[in-house]
Amino acid sequence: MTVFIFLACLGGVLVGLSRQLNGRLSISTTPLIASFWNHAIGFAALTCLGLVVGGLLPAGAAEAPWYAYLGGPIGVIFVAAGSWVIARIGAVNSALLIIGGQMVTGVAFDYISAVPASFWANAAGIVLIVGGMMVSRRRRKAGGPQ
């Protein structure tokens with residue numbers, strides 16, 4: 001279990017680093033160019049990994065429904081928007097916005113899918129995330145840029 005916790009933490013650090021680099025690159029160039037380089041490097045790295053490890057094209061990939069491939073275009077839009085947002089509101093606020101959006105969307109998907117869940121636990125999580133975002137914004141406005 002410790003290995004998986006470590007991998008999850010490492011993944012979070014790498015995602016944060018990627019967002020920081022994309023935000024900085026979008027300030028120097030444009031969000032679309034930052035998104036292009038993010039995807040070009042990711043494509044090259046994952047292709048090499050797939051060739052080394054095997055399973056680059058998994059069995060059944062051709063039979064997948066068309067909407068299974070919408071993740072790519074949505075990812076391009078997400079990375080470009082993230083690069084644009086980080087340059088304007090900062091890394092911490094954009095991370096809070098992303099986490100809050102994922103939490104609210106996850107809860108909405110659970111209710112749409114009729115997944116059994118505790119309403120009060122989900123509501124408390126959403127309130128805490130939104131409250132944290134509000135406190136963070138209020139402190140930055142009162143104390144100036146930090």
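Scope of the values below: all heavy atoms of this structure, side chains included, with no hydrogens, waters or symmetry mates.
- At distances below 3.5 Å, at least one donor-acceptor pair connects side-chain atoms of Ser26 with backbone N or O atoms of Gly23.
- Although no hydrogens or angles enter the test, the distance criterion places a donor-acceptor pair under 3.5 Å between the side chain of Thr47 and the main chain of Phe43.
- Between Ser18 and the choices Leu14, Val15, Asn22, the side chain to side chain contact (heavy atoms under 4.5 Å, CB included) rule is met once, by Asn22.
- Residues Val104 and Trp120 are members of one and the same hydrophobic cluster, defined by side-chain heavy-atom contacts under 4.5 angstrom among Ile, Leu, Val, Met, Phe, Trp and Tyr.
- Between Ala34 and Thr29, the closest heavy-atom pair is N-OG1, 4.2 Å.
- Residue Trp66 shares its hydrophobic cluster (ILVMFWY side chains chained together at separations under 4.5 Å) with Tyr67, Leu70, Ile74.
- Partners of Arg24 by side-chain hydrogen bond (donor to acceptor under 3.5 Å, both in side chains), not counting sequence neighbours, listed by chain and number: Ser28.
- Cluster note: Leu25 groups with Ile33, Phe36, Trp37 through ILVMFWY side-chain heavy atoms spaced under 4.5 Å, whether in direct contact or through intervening members.
- The line from CD1 of Ile77 to CG of Leu32 is 10.5 Å long, rounded to the nearest 0.5 Å.
- Separation of atoms CZ (Phe4) and SG (Cys9) is listed at 13.5 Å; rounding is to 0.5 Å.
- Other residues, nucleotides and ligands place more than 12 heavy atoms under 6.0 Å from the OH atom of Tyr69.
- For His39 against Val76, the heavy-atom pair with the smallest separation is CE1-CA, 3.6 Å.
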